[in-house]
> 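Before I ask anything, here is the structure I am working with.
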Amino acid sequence: MLELSVQLDAILSGHQNPIYTVENGSKSNQLLTAGNDKGIVLWDLNKMTFDKVLLPVDSSVYALHYIPSLNYLAIGERSGKISIFSFDSQKVIETLAFHNKPVFDLKYLSRKNELIASSEDGTVSVWSLKTFKKIHHLDISNQTVRVIAIDPLEANIAFGTKDARIYIFDAYDYSFKYLLKDHTMPITSLCFSPDGRYFLSGGRDAKLNIYLTSDFSRIEQITAHMYTVYSIAYHPTLPIFATGSRDKSIKLWDADNFKLLKTVSFEKGYDAHKLSINKIVWNSNSNQLISVGDEKLAFVWSVNLTNERAS
C-alpha cells in the first residue's frame, strides 16, 4: 500500500470573502484565486505571498481556467459574463456574452481551439478562441450545469447537473452518448484519470462514483465524505488523487485501487480548513496541493510518497 506524508507549507490570506475557485497561473510559481471578492488574486508560491490583484471583476467568480497553449485565463462570473485575459498583453482581450445566469465551469478543447462554458441556465456554450464567436450551444438540462470534464484524448465531454445526472457527449461533433444516473443529489465534481481509463464523479450525496470510460459502466461507489464532494483532482504524475469536501476535509486516494490513503483535516490534527473546501488543484510543477474554501484562505500542502507499493 502507498504511504503518504502531508505537510502544510503555507496559509495564504487576503481575500475578504469566500474563495470559490483556484487555478495555476502562467508561471510555475503562480497561483490564482477568486470568489466572492471584486478581483482575481495572483500569488507567488516561491515566496508564499500575495503578488497582486490580477484584474478587477464585476461579480463573483465561480470558474477560472488557464489555457497554457494560448497563455489565456478564462473567467466565468456570476453575472454570466466570460472574460478572456491574456497574460502576454496583461489585459482582458475579449468578453463573451451569451449566458444571463452564473457560469459555473470552463474547459478548453485544444484540438478544436474551443472554450466550453456551463451555466445555471441549463445550457452549455461553445466558443471559438480564434474568432471569439459562439459556434454552438447545447440545451443540457432545465437545471444548473455545474461541472465539465474532458478526457485526456479529448474524445468525451462530461456535464454534471443539479438534477443528479451526468451527460456524456462526443467531443468531435457534440452528439449525445450516455446518461449516468447513479447519484441521488446534484453533481458537484467530475474528473477523468490522466491515463483516460477511469471517470470519477462526486455529488452532494457525499458519494464518489468510479466508471470505466470504455463503456461508462460504474465499477465502484464510495461514500467518500460526510457532505458534498466539491472537487476531485488527480496528481499530475503520482498514482494518487485528492478530493475536497464541504465536510472540511481533504482525502487522498490510491489511483489504482481507489483505497483511502490519508485524511487531512482539523479533526486529524492538521492546521486545516474549519469551513467548507470549495476547490482543490495540484500545482503543475510541484507536489503541492492547494485548497480553498469559505474561510477566505488558501492552504498550500506538500504531498509526498514515503513508501512505494509492494511489487
> Is the side chain of E77 donor-acceptor paired with the backbone N or O of S59 at a distance under 3.5 Å, no angle test?
yes

> Hey, does L4 have a side-chain heavy atom less than 4.5 Å from the side chain of N304?
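Side-chain contact under 4.5 Å: no.
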
> Are any non-hydrogen side-chain atoms of N156 and K177 less than 4.5 angstrom apart?
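In contact.
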
> Show the nearest heavy-atom pair for residues L129 and I67, with the distance to one decimal.
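Closest approach of L129 to I67: CD1-CD1, 3.6 Å.
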
> Just wondering, do H137 and V124 contact through their side chains at under 4.5 Å, heavy atoms?
no

> Closest approach of L106 and A117, non-hydrogen atoms and distance?
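Shortest heavy-atom contact: CD2-CB, 3.5 Å.
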
> Okay, side chain of S245, backbone of S249: is any donor-acceptor separation there less than 3.5 Å?
no

> Any donor-acceptor pair under 3.5 Å linking the side chain of N278 with the backbone of I19?
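Yes: the side chain of N278 pairs with the backbone of I19.
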
> Dump the intermediate steps for side chain to side chain donor-acceptor pair (under 3.5 Å) on T33 and W43, then the final yes or no.
CA-CA 8 Å; T33 56; W43 306 87; 2.7 Å; yes

> Mind checking whether V22 and L297 sit in one hydrophobic cluster, side chains of I, L, V, M, F, W, Y counted as touching below 4.5 Å?
no

> If Ile, Leu, Val, Met, Phe, Trp and Tyr residues are connected whenever their side-chain heavy atoms lie under 4.5 Å apart, and connections chain through other members, are V6 and I240 in the same group?
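Linked within one cluster.
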
> Atom CG in L73, atom OG in S26: separation rounded to 0.5 Å?
9.5 Å

> Determine whether F169 and F159 satisfy the following criterion, ring-ring contact (aromatic ring centres under 6.0 Å, His included), listing intermediate values before the conclusion.
CA-CA 8 Å; F169 280 72; F159 303 107; 5.6 Å; yes

> What salt bridge (charged side-chain N to carboxylate O under 4.0 Å, His left out) pairs are there with at least one residue in residues 259-268, not counting sequence neighbours?
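Qualifying pairs: none.
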
> Under the side chain to side chain contact (heavy atoms under 4.5 Å, CB included) rule, what do L115 and L96 come out as? Steps first, then yes or no, please.
CA-CA 10 Å; L115 181 72; L96 312 179; 4.0 Å; yes

> Dump the intermediate steps for side chain to side chain contact (heavy atoms under 4.5 Å, CB included) on F266 and D271, then the final yes or no.
CA-CA 6 Å; F266 184 76; D271 185 4; 5.5 Å; no

> Quick check against the 3.5 Å criterion: does H235 have a side-chain atom that pairs as donor or acceptor with the backbone of T237?
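A pair under 3.5 Å: yes.
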
> Side-chain heavy atoms under 4.5 angstrom apart, residues restricted to Ile, Leu, Val, Met, Phe, Trp, Tyr: same cluster for V53 and L45?
yes

> Tell me whether L138 is reachable from F98 by hopping between hydrophobic residues (I, L, V, M, F, W, Y) whose side-chain heavy atoms are closer than 4.5 Å.
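Hydrophobic grouping puts F98 apart from L138.
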
> What's the spacing between D151 CG and I168 CD1 if we round to 0.5 Å?
9.5 Å

> Quick one, F85 with Y72, criterion side chain to side chain contact (heavy atoms under 4.5 Å, CB included). Give me CA distance, side-chain angles, the key distance, then yes/no.
CA-CA 6 Å; F85 177 88; Y72 290 170; over 6 Å; no

> With a 3.5 Å distance limit and no angle check, can you tell me whether E295 reaches the backbone of K274 through a side-chain donor-acceptor pair?
yes

> Can any side-chain N or O of D37 pair as donor or acceptor with the backbone N or O of N17 at less than 3.5 Å?
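Yes; judged by distance alone, with no hydrogens or angles, the pair exists.
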
> What about F199 and F216, are their ring centers closer than 6.0 Å?
yes

> Go through it in stages, so that I can follow the logic: the residues are T49 and D44, the test is side chain to side chain donor-acceptor pair (under 3.5 Å), and I'd like the CA-CA distance, side-chain angles, deciding distance and then a yes or no.
CA-CA 5 Å; T49 56; D44 186 329; 5.2 Å; no

> Does T144 use its side chain to pair, donor to acceptor, with the backbone of R146 at less than 3.5 Å?
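Absent.
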
> Over 60° means perpendicular and under 30° means parallel, so classify the ring planes of Y66 and F87, tilted if in between.
perpendicular

> Could you check whether any side-chain N or O of S231 sits under 3.5 Å from a backbone N or O of K279, counting only pairs where one atom can act as donor and the other as acceptor?
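No; zero donor-acceptor contacts below 3.5 Å.
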
> Using 4.0 Å as the upper bound for N to carboxylate O, is an ion pair formed by K107 and D105?
yes

> Could you tell me whether R218 sits above the aromatic face of Y211, with NZ or CZ closer than 6.0 angstrom to the six-membered ring centre and within 45 degrees of the axis?
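R218 over Y211 ring: no.
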
> Do N24 side-chain atoms and W282 backbone N/O form a donor-acceptor pair below 3.5 Å?
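Confirmed, N24 side chain pairs with W282 backbone.
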
> Do the two ring centres, one from H136 and one from Y174, sit under 6.0 Å apart?
yes

> When the ring planes of W301 and Y270 are compared, do they come out parallel, tilted or perpendicular, using 30° and 60° as the limits?
perpendicular

> Side-chain contact test, heavy atoms from C-beta onward, threshold under 4.5 Å: evaluate it for I187 versus R165 and give yes or no.
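I187 does not reach R165 side chain to side chain.
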
> Answer whether the closest heavy-atom distance between the side chains of L261 and E3 falls below 4.5 Å.
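Answer no - side chains too far apart.
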
> Got a donor-acceptor contact below 3.5 angstrom from the D205 side chain to the T184 backbone?
yes

> With the threshold set at 4.0 Å, does a side-chain nitrogen-carboxylate oxygen contact exist between D58 and K81?
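Judged by the 4.0 Å cut-off on N to carboxylate O distance, D58 and K81 do form a salt bridge.
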
> Tell me which pairs pass salt bridge (charged side-chain N to carboxylate O under 4.0 Å, His left out) where either residue lies in residues 219-239, with sequence neighbours left out.
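Every candidate salt bridge (charged side-chain N to carboxylate O under 4.0 Å, His left out) pair involving residues 219-239 fails, so no pair, neighbours aside, qualifies.
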
> Between L252 and A242, what is the shortest heavy-atom contact and its length?
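Scanning both residues completely, I find the closest heavy atoms to be CD2-CB, 3.7 Å.
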
> Does some side-chain heavy atom of T243 sit less than 4.5 Å from a side-chain heavy atom of H225?
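SC-SC contact between H225 and T243 confirmed.
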
> Kindly indicate whether the side chain of I75, heavy atoms from C-beta on, has any atom under 4.5 Å from the side chain of L55.
yes

> Are S265 and H273 close enough, and set up right, to give a side chain to side chain donor-acceptor pair (under 3.5 Å), and what steps lead you there?
CA-CA 7 Å; S265 66; H273 291 266; over 6 Å; no

